[in-house]
Amino acid sequence: MAISIPSRQLFIDGEWKVPLLNNRFPIINPATEDIIGHIPAATKEDVDLAVDAAKRAFSHNKGKDWSSAPGSVRARYLRAIASKITEKKDELGKLEAIDCGKPLDEALADLDDVIGCFNYYAELAEGLDAKQNAPVSLPMETFKSYVLKEPIGVVALITPWNYPLLMATWKVAPALAAGCTAILKPSELASVTCLELAEICREVGLPPGVLNIVTGLGNEAGAPLSSHPDVDKISFTGSSATGSRIMTAAAQLTKPVSLELGGKSPIIVFEDVDLDKTAEWTIFGCFFTNGQICSATSRLIVHESIATEFVNRLVQWAKNIKISDPFEEGCRLGPIVSEGQYKKVLNCISTAKSEGATILIGGSRPEHLKKGYFVEPTIITDVTTSMQIWREEVFGPVLCVKTFSTEEEAIELANDTHYGLGSAVMSKDLERCERISKAIQAGIVWINCAQPSFIQAPWGGVKRSGFGRELGEWGLENYLSVKQVTKYISDEPWGWYQSPSKL
């Protein structure tokens, strides 16, 4: 399918701007390996301009135009953005699919979530005004205290390539709802739809500088953004290694950070489950979005009494997945996003085999696809807890399997990881599910399902999966600063010191 990639520049201060060094890098369609366009490559000088624009927009007209405007004002812009995305949904879905390899059906579903997210935070922006001056109960009647919630300031939003526009929206919508101004730096591997968001912001008349979008490499654009003295907060979604570097940069200026990082999430399957129903959820939990999900439930922990039968069911379900160009009808598994990621996934599979694991199905390129970064859905058994495949995030359609005999052993295996983002437990015994939900060390627990995500519910992890929460009211709180205001209301003097007039 011929898709025209719009030619865009950096979006700074409400205008398209050519990078100061006029550098660009290619956009590669992962399904064909063809170059389909080019993206502007920002450097430190461009980042400085974007941060300056955001800083000026935050304080412009003493904040009355944005940061201290009524929430209803900001809500109108958020709803206008949602409306424009609705108009352009089909076009944006195609751009997303060709840019990152996501099946078109998934890309269109993501856009529904993007639209819902902007509308949801428009509502929270309107509700923010009513929460101002919230009284604080004090033990002394001579004082009154209340709380103000204020935008934290200029925020840097650094996002990944697996959900290009959706992950950007998870940050942009609450940041703007709170009254912050922002610089969005999407992944260089998938920036196309984020630049289209810039065009949408221009079309709806978003005040200049409120949202700036710079594309480029992490070391040339992301790093100077993370360390910029005029950025008041950083929100990052991506790898744990990059998250650690961002924390280090932010620490130099005691700057707050929220991080949603890697994962190696478990899915525990007990002996009492419906095998086919659970098999589909297990496949979905690991292979959705081409297996490129931080929360992918990629460690299957299955009761030994059903392990053989259940894994055989998984193999049958995996064989039924249509692997194809993302635009083919019924596609359920597209390509890995880039050549580098493709080689990494294949190397992880190769390492598992060399360490003694069994590649039960998959593990290579599908025979019918001669080009593109495609990897078959892969299931690996005979896994030990010391293997790389058990311990490290693959970020591809790869599921590893281990058995257990007792509930205690299942919990121990589930928590045997440095990560703690998602997790799932599958059983008809709901009391057991509740016990395990409390025992699992993760920010998210799914019961009898895997990977559902709702705008209203908090999203984030523990341990090396990061800290802070996105979505829901927690997502808005990410971008607000709490100010205590306390006043003395008594007509009597405080009386701690003896008055000079009485000496």
Side-chain angles (χ1 to χ4, degrees), residues 113 117 155-163 166-171 174-175 187 226 233-248 250-251 256-268 284-286 288-289 291-301 385 389-396 398-400 410-425 433 436-447 449-479:
D113 288 344
C117 196
V155 294
L157 313 175
I158 305 176
T159 56
W161 43 260
N162 54 339
Y163 289 83
L166 183 57
M167 293 295 98
T169 300
W170 280 18
K171 299 181 190 300
S187 167
S226 300
K233 173 172 180 166
I234 306 165
S235 179
F236 170 76
T237 298
S239 73
S240 297
T242 303
S244 180
R245 290 194 292 272
I246 286 173
M247 278 187 71
T248 300
V257 175
S258 56
L259 303 172
E260 198 259 81
L261 306 176
K264 194 69 180 177
S265 301
I267 178 167
I268 304 173
F284 184 81
C286 188
F288 186 64
T289 308
Q292 299 172 129
I293 320 177
C294 292
S295 58
T297 40
S298 58
R299 290 187 301 135
L300 168 60
I301 302 166
T385 57
I389 200 69
W390 177 265
R391 309 217 67 84
E392 295 184 17
E393 185 176 42
V394 176
F395 229 62
V398 181
L399 178 70
C400 64
I411 293 168
E412 184 177 345
L413 287 169
N415 290 335
D416 181 32
T417 173
H418 294 305
Y419 297 107
L421 183 52
S423 62
V425 54
C433 291
I436 291 176
S437 296
K438 292 178 181 178
I440 286 180
Q441 298 163 358
I444 304 160
V445 182
W446 295 297
I447 295 176
C449 58
Q451 297 309 331
S453 172
F454 297 96
I455 297 163
Q456 298 80 5
W459 183 278
V462 298
K463 298 195 281 188
R464 292 187 192 175
S465 289
F467 48 83
R469 293 294 180 268
E470 295 189 294
L471 300 182
E473 294 185 4
W474 302 268
L476 185 66
E477 295 291 335
N478 255 337
Y479 301 100

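Keep in mind the model is a prediction, meaning the values are calculated, not measured. Heavy atoms only: backbone and side chains are in, while hydrogens, waters and symmetry mates are out.
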*Would you name the heavy atoms of Gly291 and Ala296 that are closest together and state the gap between them?*
O-CB, 4.4 Å

*asked:* For a quick test of reading the model, state the closest non-hydrogen atom pair linking Leu413 to Arg299 and the distance between them.
replied: O-NH1, 2.9 Å

*Any side-chain heavy-atom pair from Ser235 and Glu470 closer than 4.5 angstrom?*
yes

*What closest approach, in Å, do Ser295 and Ser265 show between heavy atoms, and which atom pair accounts for it?*
O-OG, 3.4 Å

*Work out which heavy atom in Ala250 is nearest to a heavy atom in Val257; give both atom names and the distance.*
CB-CG2, 3.3 Å

*Excluding sequence neighbours, so at least two apart, what forms ring pair (Phe, Tyr, Trp, His ring centres under 6.0 Å) with Trp161?*
Phe395

*asked:* Between Glu260 (side chain only) and Gly460 (backbone N and O only), is there a donor and an acceptor less than 3.5 Å apart?
replied: no

*Ile268 side chain reached by Ile440 side chain, heavy atoms, under 4.5 Å*: yes

*Got a second to check how far Ile158's CD1 is from Ser187's OG, nearest 0.5 Å?*
11.0 Å

_Side-chain heavy-atom pair Tyr419, Leu421 within 4.5 angstrom cut-off_ = no

*Taking the side chain as every heavy atom from C-beta outward, state whether Val394 and Cys400 have any atom pair closer than 4.5 Å.*
no

*asked:* Please check: side-chain N/O of Ser258 versus main-chain N/O of Phe467, any donor-acceptor pairing under 3.5 Å?
replied: no

*Take Lys264 and Arg391, measure what side chain to side chain contact (heavy atoms under 4.5 Å, CB included) needs, and give me the verdict at the end.*
CA-CA 7 Å; Lys264 194 69 180 177; Arg391 309 217 67 84; over 6 Å; no

*Given side chains that start at C-beta, do those of Ile447 and Val425 come closer than 4.5 Å, heavy atoms only?*
yes

*asked:* Could you check whether any side-chain N or O of Ser244 sits under 3.5 Å from a backbone N or O of Ser240, counting only pairs where one atom can act as donor and the other as acceptor?
replied: no

_Going by the rule ring pair (Phe, Tyr, Trp, His ring centres under 6.0 Å), which residues pair with Phe236 if we only count those two or more places apart in sequence or in a different chain?_
none

_Validation row: Ile293, Tyr163 side chains within 4.5 angstrom (heavy atoms)_ = yes

_Side chain Asn415, main chain Ala439, donor-acceptor under 3.5 Å_ = yes

*Ser226 and Ile246: which non-hydrogen atoms are nearest, and at how many Å?*
OG-CG1, 3.6 Å

_Rounded to the nearest 0.5 Å, what separates atom CD1 in Ile455 from atom CG in Asp113?_
5.5 Å

_If the condition is ring pair (Phe, Tyr, Trp, His ring centres under 6.0 Å), which residues does Trp459 pass it with, not counting sequence neighbours?_
Trp170

*Should Lys171 and Asn478 count as side-chain neighbours, where that means a heavy-atom distance under 4.5 Å?*
no

*asked:* I want to check something: taking the side chain as every heavy atom from C-beta on, are Thr417 and Lys463 in contact at a cut-off of under 4.5 Å?
replied: yes

*asked:* If only side-chain N and O atoms count, and only distance matters, is there a donor-acceptor pair under 3.5 Å linking Arg245 with Thr248?
replied: no

_Could you measure the distance from the CG atom of Leu157 to the OH atom of Tyr479? Nearest 0.5 Å is fine._
5.0 Å

_SG on Cys294 to CD on Glu393, rounded to 0.5 Å_ = 5.5 Å

*Once you round to the nearest 0.5 Å, how far does SG of Cys117 lie from CD of Gln456?*
9.5 Å

*Nearest heavy atoms of Ala450 and Thr297, plus distance in Å*: CB-OG1, 4.0 Å

_Taking atom CZ as the centre, does Arg469 end up with more than 12 heavy-atom neighbours from other residues, nucleotides or ligands that are less than 6.0 angstrom away?_
yes

_Interatomic distance, Leu166 atom CG to Ser453 atom OG [nearest 0.5 angstrom]_ = 7.0 Å

